[in-house]
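Everything on this sheet refers to the single structure shown next.
Residue numbers start from 1 in every chain, and the chains themselves are labelled A, B, ... in the order their sequence lines are given, proteins ahead of strands.
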There are 2 protein chains.
Amino acid sequence: MASKATIKDIARLAEVSPSTVSRALRDNPRISEEVRARVRDVAKSLDFHPNQMARSLVKRETRIVGVLFAESAGASASMGHPFYPAVLQGLGKVAGERRYHILLSTGSENLSEEAAMRDMADSGFASGLICLTTLTNPEEDAAAIGLPMVEIGHPLDPKNSYYVDNDNVLAGDEATRYLLQRGHRRVLFLGFDGRYIMMAHRLKGFRRAMADYGAAVREDWIVPVRMIENMPDFTLLGEIFRKEDRPTAVVSMDDPLSVGLCGLLQTLGLAVPADVSIVSFNNTQVGQYHAPALTSVDVHPRELGMHAMTLLINMIKGNVEKPTHVDVPFTLVERDSVAPPREG
Amino acid sequence: MASKATIKDIARLAEVSPSTVSRALRDNPRISEEVRARVRDVAKSLDFHPNQMARSLVKRETRIVGVLFAESAGASASMGHPFYPAVLQGLGKVAGERRYHILLSTGSENLSEEAAMRDMADSGFASGLICLTTLTNPEEDAAAIGLPMVEIGHPLDPKNSYYVDNDNVLAGDEATRYLLQRGHRRVLFLGFDGRYIMMAHRLKGFRRAMADYGAAVREDWIVPVRMIENMPDFTLLGEIFRKEDRPTAVVSMDDPLSVGLCGLLQTLGLAVPADVSIVSFNNTQVGQYHAPALTSVDVHPRELGMHAMTLLINMIKGNVEKPTHVDVPFTLVERDSVAPPREG
DNA sequence: TTCAGGCGGTCAAACGTTTGCACGACGGAC
DNA sequence: GTCCGTCGTGCAAACGTTTGACCGCCTGAA
């Protein structure tokens, strides 16, 4: 029943024309205070809610933003990692505050990322897009599609993109430096395979810090682990740590990965942090609850989401002229997985 | 540019009327194969995509379903727990397959659950609602709003609700039975405070299993822990386990909770599973990575989501007459947190 | 030859808003 | 007493589809 009342019903009851109702409800100054009040009352008594479809149709603007997760899988695979829900949380928060809605790209497996974007854009829902960066570069598609879009993560073409990201080279630097400051020099960089831009950046920071401290970086100690069936392949890592000549510390790109490493080390009879220290990334529950609790850099995914949404909404409103980006600060939260290296 | 092409453009180019275009594109049998093909070609060449707003306006049906998370916080607080993303994943999967979209309720803090629902419904977006059950009963609101709605979790009024849930009394039963079968008799039930229906059900199952085995349930061993500042308050639990006369096993309602318990036990010098066994719930990463890995019942949140979405879409299509529910089976995954009790 | 009926298509109304424009009344300046 | 500007409101066209009603044509039966 509620959804029945239309602007015309109000018009009839308030004895004005539909257009007047529309204007009155939108606080158009051309409407007298008296009429406005009358219309308001009637509207309230009918529990009137404007039909957004009709509204959007003429205004060509929905208050909906499409959110596209990596791998086009939408809420799929990626959602396994707590990073994504956290981002979503941030997106949701400011969307709610600004009275926007979030339309999730629920790409089925057979729907490419670009297809998902097009779908959202072409369908006419979605006045803007938020993309979690991937290997492809969505900005091209976005341009083709003609919708405001902001990326979360580092885009391929930063100059021409709107995005929010962490300063990952600084993050890599500081994580490494944290170890170096405590005396470590033999430190291993543990990442994923696949060329994630983020990882390249952190690695860069890693190298920088190492260089700063005059610590040699061994290329065979930069190890990307392959995920096979959702489980990290640690064979290479095992070899490294089995030798006498092994790292005393590692900078690891993700908490779950670090926890896996801990397991490996344990089987090798190596203790954390006594024998090897770990600085991890993402500050997840997995790491917090782990024993020892992981020292981990928190990239503040929630803030990433919040800033992304804020930026996008501003773009939609036409308040942003030039490609912009915002740099969300990270924090290194200290826990129990780092200790000075054994003397030697 | 892409989004420019309208049905009229096609009509002009294909030299037919707009209505014919519409019908041709929708495979209406009244249109000849010849014309249909011609229209198709033109449409393709213009990269035509129907404007969903206009479409929805006349058909009064969007292919959008609103998803409402507990506490109306939308993607907020609740999202911290991996259960929710998993549900979302399931929702997204079938939504994608059926070409539906998911509109997230991004309730800001000041938006009540009911308000969020109304918002989604009244706005005209959302042809149906999915609710993660909470303490309030949304079915009333839903009725008032007049949209198909399915709940995930156990509703207050099962007879008149559409919902998908686990059989939580059975789950509680089996979890407990698992312990009992291994010889435990002194088992504690660890839950949260607040009256979650789900927990009441599991407790019921717990009692049933205990009774079956003739094990006494001690009411002081049914302990709800309070969360204060996101950290469980374990003082009560500490007292219980400090005594000589303590449980040899516990059925715990959530992995993070169980991990917390493990920490507590450790400080008390009690080993898991040697001194106390644990069967946990939710089968999260936190539990998998924990040492010892937690035996935990997996309630299959992803499947919950999938079934919920399937049911809802069927409802929207008018294929469901009577209030229905689907019961998603759970599985107890065995790991390392359970052992027989010490003799004695 | 006429008429019923199917076929293939067009017409126009509808969905519920927004918004440019016209319009009448009124008040003041000349 | 005309002219002009405001002010408050109504008219109607648009937004891009869908859909019921209608229509002309052709075929085949009476």
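For B:Val35 and B:Lys59, each mapped to the nucleotide of DNA chain C holding its nearest heavy atom, the one lying further toward the 5' end belongs to B:Val35. With the nearest nucleotide of DNA chain D identified for both A:Arg38 and B:Asn51, A:Arg38 has the one nearer the 5' end.
When the P atom of D:dT18 is taken as reference, atom CG of B:Asp27 falls 12 Å away, rounded to whole Å. Atom CZ in A:Arg30 sits roughly 17 Å away from atom P in C:dA25 (whole-Å rounding). Taking atom CG on B:Asn28 and atom P on D:dG20, their separation rounds to 10 Å, with Å as the unit. Between B:Asp9 atom CG and D:dT17 atom P there is a gap of 9 Å when expressed in whole angstrom units. The distance between atom CD of B:Glu15 and atom P of C:dT10, rounded to the nearest whole Å, is 11 Å. Spacing between atom NZ of B:Lys8 and atom P of D:dT17 amounts to 9 Å, rounded to whole angstrom units. The CE-C1' distance, from A:Met53 to D:dT18, rounds to 15 Å in whole Å. The nearest whole Å value for the distance from the CG atom in B:Leu46 to the C1' atom in D:dG16 is 15 Å.
With C:dT18, D:dT17, C:dC11 as the choices, the nucleotide that has an atom nearest any side-chain atom of A:Val58 turns out to be C:dT18.
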* Asked: Going through the distances and angles, do A:His325 and A:Asp327 end up as a side-chain hydrogen bond (donor to acceptor under 3.5 Å, both in side chains)?
  -> CA-CA 7 Å; A:His325 84 275; A:Asp327 176 32; 5.8 Å; no

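Among the heavy atoms of the strands lying under 4.0 Å from A:Ser32 are primed sugar atoms or P, OP1, OP2 only; no base atom is included. As judged by a 4.0 angstrom heavy-atom cut-off over every strand, B:Arg26 is placed among residues touching the sugar-phosphate backbone only. Contact annotation for A:Arg23: base contact, defined as any heavy-atom pair under 4.0 Å involving a base atom. Counting non-hydrogen atoms under 4.0 angstrom, B:Arg55 reaches the backbone sugars and phosphates but no base.
Contact check, A:Ser22 against C:dG16: no side-chain N or O comes under 4.0 Å of OP1 or OP2. A:Arg60 has no side-chain polar atom (N or O) that falls below the 4.0 Å cut-off from OP1 or OP2 of D:dA14.
Minimum heavy-atom separation, A:Gly124 to A:Thr62: O-CG2, 3.4 Å. Across B:Ala43 and B:Leu25, no two heavy atoms sit closer than the pair CB-CD1, 4.3 Å.
In this structure, A:Lys44 does not pair ionically with A:Asp41, as no charged nitrogen and carboxylate oxygen lie closer than 4.0 Å.
The closest side-chain heavy-atom distance from B:Asn314 to B:Arg98 is below 4.5 Å.
One can find a donor-acceptor pair under 3.5 Å joining the base of C:dC11 and the side-chain atoms of B:Ser19.
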